[in-house]
Amino acid sequence: MTNFMRVAMIKFASLLVVLFCVSFLTFLLYYYAPGDKALAIANARYIGEGSASVELVEQIRQETGIDRPLLVQFYLWLQAIVQLDFGISLVSQEPVSEIFVSQLGETLELAFSALLVGMSLAIPLALISVWKPKSFVDRFAVALSSVGAAIPSYWLGLIFILIFAAQLQLLPAYGTGSLEHLILPAATLGLWVLASQTRLIRSFLLEASTAPFLKGLRIRGVGSKELFCRHIVRHAFVPFITMLGLELAFLLEGAVIVEVVFARGGIGSLLVHSVMSRDFPIIQCVVLFSAVTYVTINSAVEIFQWVMNPVSRQG
């Protein structure tokens with residue numbers, strides 16, 4: 001068995017353990033949530049008929065298995081989750097999986113748009129900053145990283161709405177469905193990506209520029225441009241890709257606030273509305289998806305680091 005296969009199997013086994021623990025913790029959020037779940041289900045199903053009767057609540061408690069022990073309930077829930085069956089929404093009485101999939105596209109669209117906007121500006125800004133240290137671009141990159149990281153997304157979103165929607169009336173302030181509706185949310189989230197990634201890429205490049213092997217290349221007569229493009233940038237590529245994967249995971253979670261501010265569709269708005277209406281199956285689905293996405297991306301990044309590191313492959 002090769003080193004890669006052994007490491008991949010270990011990572012996969014640890015991933016399964018972590019996902020199992022995450023699933024159990026997600027289930028506990030529902031199990032220990034305050035209130036009578038059976039009564040909530042009964043009131044949601046028969047909202048137009050007043051308070052549910054005691055007999056109906058007991059019937060629902062037996063049908064859903066709420067009256068069973070904790071581990072039995074978790075086993076039944078996990079068995080359904082493996083089959084991608086997240087149950088029925090308590091509010092709309094629709095399958096949770098269908099509701100979630102219908103909203104996931106909006107969140108992915110916002111996250112990838114923000115990532116594209118932020119990275120398309122962060123990469124050249126960081127490269128120029130390191131190539132020309134102490135220049136205006138370098139000082140601007142440092143200032144942007146500090147200020148952008150300190151500005152909350154919800155505050156920046158409200159400022160954008162005030163300027164571009166209320167005052168200039170150039171773009172819609174809320175809603176979903178067109179490119180115009182995407183510009184302000186993507187710019188809000190993209191600025192955070194721009195600030196964080198400019199700082200990280202710049203630090204990776206500065207660290208790579210102090211590598212010991214660069215002295216030998218300079219002695220051999222390698223030019224500054226070739227040294228920067230072929231060696232420094234290449235040396236900083238691995239940590240950059242690592243942080244890019246984690247950035248995408250953070251974006252999926254950070255989109256929650258932006259979606260609420262701009263009243264967009266997406267899993268963020270879906271989660272907020274579900275919490276307010278105590279729609280536990282949807283809450284479980286969104287929380288579990290966020291946790292699984294983050295853990296999976298993190299594991300993939302660790303494997304990528306191992307593959308790109310010659311020292312670890314030889315060990």
Side-chain angles (χ1 to χ4, degrees), residues 110-153 155-156 159-160 183 185-255 258 294 297-314:
L110 175 59
F112 281 106
S113 298
L115 187 65
L116 178 62
V117 170
M119 296 307 301
S120 62
L121 298 175
I123 293 176
L125 186 59
L127 290 174
I128 298 174
S129 173
V130 177
W131 175 250
K132 296 182 178 181
K134 298 182 180 180
S135 63
F136 170 77
V137 176
D138 187 23
R139 292 193 295 268
F140 175 75
V142 174
L144 177 65
S145 301
S146 302
V147 175
I151 297 178
S153 298
W155 184 84
L156 182 62
I159 294 298
F160 280 170
I183 292 177
T188 302
L189 202 56
L191 182 61
W192 179 77
V193 176
L194 171 61
S196 62
Q197 289 301 306
T198 299
R199 176 177 56 83
L200 289 174
I201 298 173
R202 182 177 178 274
S203 64
F204 293 151
L205 290 171
L206 290 175
E207 182 180 358
S209 63
T210 60
F213 71 89
L214 295 178
K215 295 181 180 179
L217 294 176
R218 290 190 181 96
I219 294 174
R220 288 161 52 183
V222 179
S224 300
K225 186 175 181 180
E226 182 180 358
L227 199 69
F228 182 79
C229 297
R230 294 190 57 184
H231 299 282
I232 295 178
V233 174
R234 186 176 180 181
H235 193 63
F237 176 75
V238 174
F240 163 67
I241 294 297
T242 299
M243 293 307 301
L244 185 61
L246 297 178
E247 186 76 12
L248 179 59
F250 284 126
L251 275 176
L252 293 176
E253 299 178 4
V258 177
Y294 185 82
I297 292 178
N298 190 42
S299 299
V301 165
E302 290 180 357
I303 294 177
F304 175 79
Q305 285 181 313
W306 184 89
V307 171
M308 298 299 294
N309 190 348
V311 177
S312 62
R313 291 202 304 269
Q314 293 173 2

Taking K134's backbone N and O only, do any of them form a donor-acceptor pair with R139's side chain (distance below 3.5 Å, no angle check)?
yes

Spatial distance of atom CG (L194) from atom CD1 (I123) [nearest 0.5 Å]
11.0 Å

Taking atom CG of L125 and atom CE of M119, what is their separation to the nearest 0.5 Å?
11.5 Å

dist S145:OG -> Q197:CD (nearest 0.5 Å) comes out at 10.0 Å

Closest heavy-atom pair and its distance - R202, S129
NE-OG, 3.1 Å

Spatial distance of atom CD1 (I151) from atom CD1 (I159) [nearest 0.5 Å]:
9.0 Å

If you round to the nearest 0.5 Å, how far is CG of L206 from CD1 of I201?
12.0 Å

Taking side chain as C-beta onward, heavy atoms only, is L127 less than 4.5 Å from V233?
yes

G118 versus V193, closest heavy-atom pair with distance:
CA-CG1, 3.9 Å

Could you tell me which non-hydrogen atom of L156 sits nearest to which non-hydrogen atom of T188, and how far apart they are?
CD2-O, 3.8 Å

Within the side chain of S113, is there an N or O that forms a donor-acceptor pair under 3.5 Å with the backbone of L110?
no

Say you draw a straight line from OG of S209 to CZ of F204; how long is it, rounded to the nearest 0.5 Å?
13.5 Å

Any side-chain heavy-atom pair of D138 and K132 under 4.5 Å:
no

